Participant: 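Dropping the structure in here first, questions after.
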There are 2 protein chains.
Amino acid sequence: MSGRLIANLGRNTPLAPEDGAAIEALLGAVRTVPADTELVVDGEGATDCHVLLEGQAFRHKTLPDGRRQIVFFHVPGDLLDLPLVFLDVDYNVASLTMCRVAPVSRAKLADLIEARPRIGRAFWRMSLQEAAIQREWMVGMGRRSAYARVAHLLCEVFQRLQRVDLVQNNRCRFPITQTHLADAAGLSGVHTNRVLQQLRASGLIELRSRELIVRDWNGLAAAGEFDPAYLQARSAPSPALAGPHRAAPGWKPS
Amino acid sequence: MSGRLIANLGRNTPLAPEDGAAIEALLGAVRTVPADTELVVDGEGATDCHVLLEGQAFRHKTLPDGRRQIVFFHVPGDLLDLPLVFLDVDYNVASLTMCRVAPVSRAKLADLIEARPRIGRAFWRMSLQEAAIQREWMVGMGRRSAYARVAHLLCEVFQRLQRVDLVQNNRCRFPITQTHLADAAGLSGVHTNRVLQQLRASGLIELRSRELIVRDWNGLAAAGEFDPAYLQARSAPSPALAGPHRAAPGWKPS
DNA sequence: CGTGAACTTGAGATTTCTCAAGCGGGGTGG
DNA sequence: CCACCCCGCTTGAGAAATCTCAAGTTCACG
């Protein structure tokens with residue numbers, strides 16, 4: 001269960017069993033928090049980072065007058081506040097569902113990253129992939145229609161959930177409300193609602209009562225101009241590993 | 001001259017002279033390229049990263065049909081393709097002016113980052129700061145008006161140029177055309193033009209013939225809802241020092 | 001002095017927003 | 001067990017922001 005982070009890291013970078021063990025050893029007492037709770041608050045000088053073991057969450061920046069921009073959706077296995085290891089965090093993280101979260105000492109994590117190249121590399125890749133996802137969102141918000149933007153977002157979340165085995169039969173739990181989707185896409189709630197209706201009417205998805213069913217993946221990807229390349233979590237230098245899915249060689253959650 | 005990268009890294013992380021020397025030692029033969037040249041092309045499996053020693057450049061992602069989204073502006077001292085050290089790059093970089101660029105072996109840079117914690121930390125911070133800037137752009141594109149977005153962009157570029165001493169008397173060279181600005185803000189060229197006229201009419205800026213003069217910094221910052229905190233001028237207390245939390249609030253000329 | 005890129009301007013077309021209201025289901029107190 | 005309430009969703013319609021198309025105009029540069 002708490003092997004989620006390791007599995008996630010290991011997806012892109014081969015980790016030896018002792019690497020996994022070293023990371024696990026840093027995890028503090030698991031905390032369970034309800035939905036709609038702020039897990040990470042910026043500018044709080046926290047001493048711990050947070051690993052999301054279970055549940056879903058999102059990063060957001062909220063302006064003084066209440067406008068909110070969601071900048072990332074988290075799936076299990078994500079480190080919610082990697083920046084905190086070396087800087088301050090500039091965003092908040094809130095839970096979408098009940099979540100299980102484990103703290104990791106920021107100082108110890110920094111030490112581990114610096115002491116073990118393989119682990120360091122794994123975190124570098126995780127961090128750089130986040131940045132790549134952010135860039136893709138920028139393309140969406142700057143240059144794609146509302147329709148494509150929402151479709152793209154659905155594709156991304158769906159695919160990332162798929163990677164952590166949270167999709168069965170093209171169907172997954174989907175605690176992201178239309179308001180969240182709107183705040184992520186930079187749209188109003190009303191317009192987001194209309195766009196979703198179009199997606200439904202086109203037979204691409206079903207979405208209701210916190211569940212998403214993708215009826216036509218190719219159609220949805222086309223609607224969203226979704227090219228999964230930017231998620232392609234493969235390491236360039238050591239193309240030793242195969243397929244995009246599965247595999248965390250050398251380490252299995254115990 | 002080629003100390004630019006070191007100066008840039010050292011701005012946030014104390015580097016010892018030997019660290020600087022180690023980095024310098026990796027720099028390859030400096031290349032001079034004209035304006036409007038692609039410096040970095042995604043998916044090319046390059047073996048070298050690129051340091052921008054002089055000149056200005058921008059990162060962009062261009063869609064098949066020609067729509068373009070600029071995702072970052074570079075100033076001297078920037079590493080143009082840090083992601084390449086550990087992954088593939090997912091964007092292109094093009095020059096805005098004539099540029100001087102030095103190659104750095106990706107493998108050697110990776111080794112150096114892993115071998116020297118202080119250097120590694122410096123690159124981590126650089127990378128995380130980029131990510132923070134990207135998030136701020138997301139907020140702009142998703143939740144700010146065209147007017148605020150453009151003003152914010154001007155503030156950011158201006159301030160980053162200031163840090164590398166490219167501003168004198170509130171005045172700097174500004175090779176970013178209205179079309180670039182439009183592609184960065186996610187606006188049409190026409191609308192960007194109109195927004196700039198408003199900014200000029202409000203007495204906030206002068207902008208013509210590739211030069212920007214900020215006439216009213218506070219006014220411009222207010223128009224752009226610009227809070228420099230996200231640029232993280234200062235490093236968070238390093239875990240080793242374990243000082244009380246002191247988030248770098250907007251820097252103030254003291 | 002010619003040329004092209006960058007910048008301006010005008011005006012109608014679209015997308016997206018805002019306001020306002022109504023619907024629906026699940027959770028809760030009575 | 002039922003009524004009520006709240007949140008998330010839906011719908012309608014006018015308003016606003018932004019876009020596109022289509023011409024000019026300016027200016028650096030050869």
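Values in this document were obtained by computation on a predicted structure and should not be read as measured data.
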Participant: Rounded to whole angstroms, how far apart are CD on B:E211 and P on C:dA6?
Facilitator: 18 Å
Participant: What side-chain donor-acceptor pairs closer than 3.5 Å can you find for residues 197-205 of chain B, not counting sequence neighbours?
Facilitator:
from, atom 1, to, atom 2, distance (Å)
B:Q197, NE2, B:N193, OD1, 2.3
B:R200, NH1, B:L207, O, 2.6
B:S202, OG, B:Q198, O, 2.8

Participant: Expressed as a whole number of angstroms, how long is the span from B:M141:CE to C:dT16:P?
Facilitator: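 It is 15 Å, rounded to the nearest whole Å.
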Participant: Can you check the B:Q198 CD to C:dT8 P distance for me, whole Å?
Facilitator: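 The distance from CD of B:Q198 to P of C:dT8 comes to 13 Å, rounded to the nearest Å.
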Participant: Please give me the minimum heavy-atom distance between A:A184 and A:Q69, naming the atom from each residue.
Facilitator: O-NE2, 3.1 Å
Participant: For nucleotides 10-29 of chain D, just jot down a letter per nucleotide in 5' to 3' order: B, S or -, based on protein non-hydrogen atoms under 4.0 Å.
Facilitator: BBBB----SSBB--------
Participant: Could you state the NE2-P distance from A:H180 to D:dG8, rounded to the nearest angstrom?
Facilitator: 8 Å
Participant: Mind checking what makes side chain to side chain contact (heavy atoms under 4.5 Å, CB included) contact with B:N92, not counting sequence neighbours?
Facilitator: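 Once residues adjacent in sequence are excluded, the partners of B:N92 under the side chain to side chain contact (heavy atoms under 4.5 Å, CB included) criterion are B:E38, B:V41, B:D42, B:H60.
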Participant: Salt bridge (Lys or Arg N to Asp or Glu O under 4.0 Å) with B:R210: which residues, sequence neighbours excluded?
Facilitator: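 Partners of B:R210 by the salt bridge (Lys or Arg N to Asp or Glu O under 4.0 Å) criterion come out as none, since no residue qualifies.
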Participant: Under the rule for salt bridge (Lys or Arg N to Asp or Glu O under 4.0 Å), what residues qualify as partners of B:D78, not counting sequence neighbours?
Facilitator: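 In terms of salt bridge (Lys or Arg N to Asp or Glu O under 4.0 Å), with neighbours along the sequence ignored, B:D78 is linked to B:R160.
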Participant: Mind jotting down which residue pairs meet the salt bridge (Lys or Arg N to Asp or Glu O under 4.0 Å) criterion with at least one end in residues 55-75 of chain A? Sequence neighbours excluded, please.
Facilitator: A:R59-A:E130, A:K61-A:D90, A:K61-B:E136, A:D65-A:R67, A:R67-B:E225, A:R68-A:D183
Participant: For B:I176 and C:dC7, give me the distance from atom CD1 to atom C1', rounded to whole Å.
Facilitator: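 Distance check: B:I176 CD1 to C:dC7 C1' gives 16 Å.
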